[in-house]
Amino acid sequence: MWRVLVLVGVLVAGCGLPHDVDGTLDRVRGGVLRVGVTEHRPWTVLGDEVTGAEAELVQRLADRLGARVRWRRGAESELMAAVARRQLDLVVGGLAEDAPWTEHASLTRPYATSRVVVAAAGEVPADLAGVRVAVRAGTAEVAALTAQDAVPVPVDDVAGAVDLPVAVEHWRAAGLGLRVTDHVLLEREHVWALPLGENGWQVEVERFLLGLPDGEVDRLLAEAGGVAV
């Protein structure tokens with residue numbers, strides 16, 4: 001329901017003919033979509049080609065506008081500086097809503113939520129105190145488990161430790177044959193970044209993102225992450 005309400009708001013905003021300071025939407029339509037990308041698997045994967053869940057979404061947006069995608073790879077800080085100088089039309093890479101870039105770029109409304117949860121084949125107690133949970137070594141999830149008095153069991157990949165409860169992205173659990181529990185360790189809202197002042201362009205991008213079918217982003221993440229769905 002929230003997606004429908006927000007989409008209606010975006011459409012209403014579109015009726016007000018929002019103005020692009022630099023004419024981005026008109027230039028991109030039928031032209032070139034300049035996209036900055038930083039690697040953040042499985043949102044974005046930088047190999048010989050740019051792939052990943054968001055790469056697929058960017059291509060869909062470009063197809064909708066009859067545009068060709070021109071990728072620019074780089075560090076997040078470098079790309080945000082480029083979008084601030086209007087050298088890029090969009091920046092993607094699993095960006096979180098709380099990213100410290102609001103003075104350089106305009107962020108879309110959150111279009112996807114990623115959660116790191118405790119998942120297991122069997123039952124997991126309501127209280128994690130003393131419960132051994134497999135978790136990728138060196139991640140923020142280790143601290144999140146410790147904060148709940150669980151016993152982190154660091155591993156290289158939780159796929160090899162499913163005899164234990166595991167800390168895993170929610171979209172990955174089903175492919176591992178695990179059930180998502182009510183234990184949410186981390187939650188992030190994801191956005192795209194655009195140049196400031198390009199209001200018509202932002203409405204077009206948000207209309208596209210908020211019109212995605214329910215579960216589509218999770219499906220793309222699982223596919224890009226090599227998880228059977």
Side-chain angles (χ1 to χ4, degrees), residues 2-3 6-7 9-11 13-14 18 20-29 31-46 50-115 169 171 187-221 224:
W2 70 268
R3 187 183 291 273
V6 174
L7 180 56
V10 171
L11 293 174
D20 281 346
V21 173
D22 202 35
T24 299
L25 179 56
D26 289 339
R27 178 178 48 75
V28 169
R29 187 178 281 121
V32 176
L33 174 56
R34 305 170 302 172
V35 185
V37 59
T38 185
E39 183 158 84
H40 186 163
R41 297 173 179 248
W43 298 87
T44 47
V45 183
L46 305 188
V50 179
T51 58
E54 288 190 321
E56 167 65 22
L57 293 177
V58 167
Q59 187 59 58
R60 290 185 195 179
L61 174 62
D63 291 345
R64 166 183 171 130
L65 296 169
R68 175 172 56 88
V69 179
R70 179 185 298 158
W71 296 103
R72 173 172 169 178
R73 309 179 188 209
E76 194 171 301
S77 57
E78 171 194 341
L79 297 175
M80 288 300 177
V83 83
R85 294 192 296 268
R86 302 184 182 279
Q87 296 171 348
L88 294 172
D89 307 311
L90 192 65
V91 175
V92 301
L95 303 177
E97 180 186 28
D98 59 358
W101 306 116
T102 52
E103 64 186 60
H104 301 289
S106 178
L107 304 182
T108 64
R109 291 174 174 84
Y111 79 97
T113 303
S114 63
R115 297 183 302 278
E169 295 87 351
W171 50 264
E187 187 169 273
R188 298 182 181 93
E189 300 285 347
H190 292 273
V191 299
W192 288 1
L194 306 90
L196 291 166
E198 300 306 285
N199 301 318
W201 171 232
Q202 179 144 353
V203 166
E204 181 66 28
V205 173
E206 291 190 338
R207 181 185 289 124
F208 165 74
L209 290 174
L210 297 172
L212 293 171
D214 288 342
E216 181 67 359
V217 176
D218 287 353
R219 185 188 70 79
L220 290 173
L221 287 169

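All values derive from a computational prediction rather than experimental measurement.
- Each of Leu221, Asp214, Leu220 was evaluated against Val217; a single residue qualifies, Leu221, per the side chain to side chain contact (heavy atoms under 4.5 Å, CB included) test.
- Considering all non-hydrogen atoms of both residues, Glu206 and Leu107 come closest at OE2-O, 4.3 Å.
- A donor-acceptor contact shorter than 3.5 Å links the side chain of Trp201 to the backbone of Asp89.
- What you find for Trp71 and Ala55 is that their closest heavy atoms are CH2-CA, 3.9 Å.
- Counting all heavy atoms, side chain and backbone alike, Trp43 lies closest to Gly93 at CB-C, 4.5 Å.
- Interatomic distance, OG1 of Thr108 versus CG of Leu95, reported as 8.5 Å (0.5 Å rounding).
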For this session: List the steps and the verdict of side chain to side chain contact (heavy atoms under 4.5 Å, CB included) for Leu212 and Leu57.
Result: CA-CA 9 Å; Leu212 293 171; Leu57 293 177; 3.8 Å; yes
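- For the pair Ala224 and Ala53, the tightest heavy-atom approach, listed with the atom from each and the gap, is CB-N, 3.8 Å.
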Exercise. Between Thr44 and Glu39, is a side-chain hydrogen bond (donor to acceptor under 3.5 Å, both in side chains) present by the stated rule, with each step listed?
Worked result: CA-CA 5 Å; Thr44 47; Glu39 183 158 84; over 6 Å; no
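- For Arg34 (side chain) and Arg86 (main-chain N/O), a donor-acceptor pair under 3.5 Å exists by modelled atom type.
- Here the NE2-CZ distance, from His104 to Arg85, works out to 10.5 Å after rounding to the nearest 0.5 Å.
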For this session: Go through the steps for Leu65 and Glu204 under the test side chain to side chain contact (heavy atoms under 4.5 Å, CB included), then give the verdict.
Result: CA-CA 10 Å; Leu65 296 169; Glu204 181 66 28; 3.8 Å; yes
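- Note that CD of Glu97 and OH of Tyr111 are 13.0 Å apart. Values are rounded to the nearest 0.5 Å.
- Expressed to the nearest 0.5 Å, how far CG of Leu25 lies from CD of Gln202 amounts to 12.0 Å.
- The distance from the CG atom of Leu61 to the CD atom of Glu54 is 12.0 Å, given to the nearest 0.5 Å.
- Nearest heavy atom pair, residue Leu88 against residue Leu79, reads CD1-O, 3.7 Å.
- For Asp20 and Arg27, the salt-bridge test fails: no basic side-chain N is under 4.0 Å from an acidic carboxylate O.
- Annotation: side chain of Arg73 is in contact with side chain of Val50 (closest heavy-atom distance under 4.5 Å).
- One finds the CZ atom of Arg64 at 14.0 Å from the CD atom of Gln59 (value rounded to the nearest 0.5 Å).
- The two atoms that bring Met80 and Val83 nearest to each other are O-CG1, 3.2 Å, heavy atoms only.
- More than 12 non-hydrogen atoms from other residues, nucleotides or ligands lie less than 6.0 angstrom from CZ of Arg60.
- In this structure, His190 and His40 have perpendicular ring planes: the angle between them is above 60°, well past the 30° mark.
- Remark: Arg219 does not engage Glu56 in a salt bridge, criterion side-chain N to carboxylate O under 4.0 Å.
- Distance alone, capped at 3.5 Å, is enough to place a donor-acceptor pair between the Glu198 side chain and the Asp22 backbone.
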